[in-house]
Amino acid sequence: MVKKVIEEKKLFPLGKILPAMITLASVVAGLTAILLASRGAFEKALIAVMLAAVFDGFDGRVARMFKSASQFGVELDSLADSISFGVAPAFILFFFSAYEIKSIGWLATVIYAICCVLRLARFNTMTGNENIPQYWNSFFTGIPAPGGALLATIPLSLYLATGEEIFKNSSFSICFMLIVGFLMISRVPTLSLKKIKLTREEIAPVMILFIIALVSLYFHFWYTISVISIIYLLTIPITILKFVKAKKDYSV
């Protein structure tokens, strides 16, 4: 008598695939941003990119929560980031104003997107590198992809906040794309929020500032986004000074 061998189906807990689902949601948000920008809905397009950043901030944490982190997840996350924070912001700014300079506008769009992809590729190769000096642990090397998307779209957020035509100037948008693109692939040290440590006295003021920011976002969303973006941009020279000091202290 021939016995039927019934192979048991391998079951996967939802927690194992949830991080990948969140990452794919980021891809959907990025692609939707491109579609909205092509239709002239720039406000919704920029919100879609911000939504992608929210998803990007959660997928890694969910993976660690469910102990489902994997190399597949790392690679998928990088591919998603290249779309949501590289291709999508570039196309948004192209449709917003860069298209007016035709080939130069398109060249700037391509350069920004490529810089984001190169930055993500370098980040993957640096992850787990034990040869990185200790003092680098408190900083990012170059602007991270979500931060790059935030800074590159400053012209659009300023335009949405004020309605001033000067912020719709194509040269202005192109300059921001190129500067931010090169900062992403540079070795300039930038702020890492995860590594910031506060004294007991600083906790209360920071919490109050956080509440003020939330209220401001509710009543004056684009003004607040613009201010946050500009403040982040201004932290770069301050971070460089802190890096130089940390490097000097490490060498002593």
Side-chain angles (χ1 to χ4, degrees), residues 26-27 29-34 36-37 42-60 77-78 80-98 108-109 111-120 123 139-162 167-168 172-186 188-196 209-210 213-214 216-217 220-240:
S26 176
V27 176
L31 293 174
T32 303
I34 297 172
L36 290 168
F42 298 111
E43 184 171 0
K44 292 180 180 179
L46 195 46
I47 289 175
V49 171
M50 293 176 186
L51 184 60
V54 173
F55 288 134
D56 181 65
F58 275 107
D59 57 2
D77 185 64
S78 291
D81 288 356
S82 67
I83 294 172
S84 300
F85 309 126
V87 178
F91 268 97
I92 289 172
L93 289 173
F94 179 78
F95 288 127
F96 174 58
S97 64
T109 301
I111 289 174
Y112 172 82
I114 289 175
C115 285
C116 183
V117 171
L118 291 175
R119 187 249 153 19
L120 291 164
F123 177 80
F139 306 93
F140 284 123
T141 304
I143 297 175
L150 181 71
L151 295 184
T153 53
I154 282 178
L156 177 54
S157 60
L158 285 171
Y159 176 76
L160 292 172
T162 65
F167 298 122
K168 201 175 180 181
F172 188 52
S173 296
I174 286 172
C175 285
F176 258 90
M177 275 198 287
L178 293 176
I179 291 171
V180 174
F182 289 126
L183 281 173
M184 281 197 289
I185 60 173
S186 72
V188 172
T190 56
L191 186 68
S192 175
L193 293 177
K194 296 178 183 178
K195 302 295 182 179
I196 294 178
L209 285 173
F210 178 70
L214 286 180
S216 298
L217 281 169
H220 306 286
F221 185 81
W222 293 114
Y223 274 107
T224 307
I225 292 297
S226 300
V227 169
I228 291 173
S229 303
I230 293 169
I231 289 174
Y232 178 50
L233 188 62
L234 294 176
T235 63
I236 295 176
I238 298 171
T239 305
I240 292 173

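Quick note: residue numbers are just sequence positions, from 1.
The side chain to side chain donor-acceptor pair (under 3.5 Å) search around Ser78 returns Asn124, not counting sequence neighbours. Scanning for side-chain contact (heavy atoms from CB on, under 4.5 Å) contacts around Leu183 gives Ile143, Ile179, Ser186, Val188, Ile236, with sequence neighbours left out. Taking the ring-ring contact (aromatic ring centres under 6.0 Å, His included) definition, one finds that Phe55 meets it with nothing, sequence neighbours left out.
Thr109 places a side-chain heavy atom less than 4.5 Å from the side chain of Met177. At a threshold of 4.5 Å between non-hydrogen side-chain atoms, the residues Pro144 and Arg119 count as touching. Residues Leu46 and Met50 meet the side-chain proximity criterion, which asks for heavy atoms closer than 4.5 Å. In this structure, the side chains of Trp222 and Leu158 stay at 4.5 Å or more apart for every pair of heavy atoms. Here the side chains of Leu191 and Phe139 are not in contact, with every heavy-atom distance at 4.5 Å or above.
Judged as a side-chain hydrogen bond (donor to acceptor under 3.5 Å, both in side chains), the pairs with a partner in residues 87-97 (not counting sequence neighbours) are, in order, Ser97-Ser173. The stretch residues 46-57 participates, sequence neighbours left out, in no side-chain hydrogen bond (donor to acceptor under 3.5 Å, both in side chains) pair at all.
Between the CD1 atom in Ile47 and the OG1 atom in Thr32 there is a gap of 13.0 Å [rounded to 0.5 Å]. For the atom pair CG (Leu36) and CG (Leu31), the distance works out to 11.0 Å, reported to the nearest 0.5 Å. Between atom OG of residue Ser82 and atom CG of residue Leu118 there is a gap of 11.0 Å, rounded to the nearest 0.5 Å. Atoms CG and CE, from Leu151 and Met184 in turn, are 9.0 Å apart once rounded to the nearest 0.5 Å.
The two residues Ala37 and Ala45 make their nearest non-hydrogen contact at N-CB, 3.8 Å. Between Ala33 and Val49, the closest heavy-atom pair is CB-CG2, 3.8 Å. Here the closest heavy-atom approach between residue Phe172 and residue Phe167 is recorded as CE2-CD2, 3.6 Å. Gly148 and Val180 get closest at one heavy-atom pair: O-CG1, 3.4 Å.
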In a table with atom names and distances, give each donor-acceptor pair under 3.5 Å that connects a side chain of residues 84-94 to protein atoms at least two apart or in another chain.
| residue | atom | partner | partner atom | Å |
| --- | --- | --- | --- | --- |
| Ser84 | OG | Ser26 | O | 2.7 |
| Ser84 | OG | Ser26 | OG | 3.3 |
| Ser84 | OG | Ala80 | O | 3.3 |

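For OH of Tyr232, the number of neighbouring non-hydrogen atoms (other residues, nucleotides, ligands) closer than 6.0 Å is greater than 12.
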(request) Output, in order, the C-alpha distance, side-chain angles, deciding distance and verdict of ring pair (Phe, Tyr, Trp, His ring centres under 6.0 Å) for Tyr159 and Phe42. (result) CA-CA 10 Å; Tyr159 176 76; Phe42 298 111; 8.4 Å; no
(request) List the steps, then state whether side-chain contact (heavy atoms from CB on, under 4.5 Å) holds for Thr190 with Ile240. (result) CA-CA 7 Å; Thr190 56; Ile240 292 173; over 6 Å; no
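When atom types are taken as modelled, the side chain of Ser229 and the backbone of Ile154 share no donor-acceptor pair closer than 3.5 angstrom. Here the side chain of Thr224 pairs a donor or acceptor atom with the backbone of Ser216 at under 3.5 angstrom.
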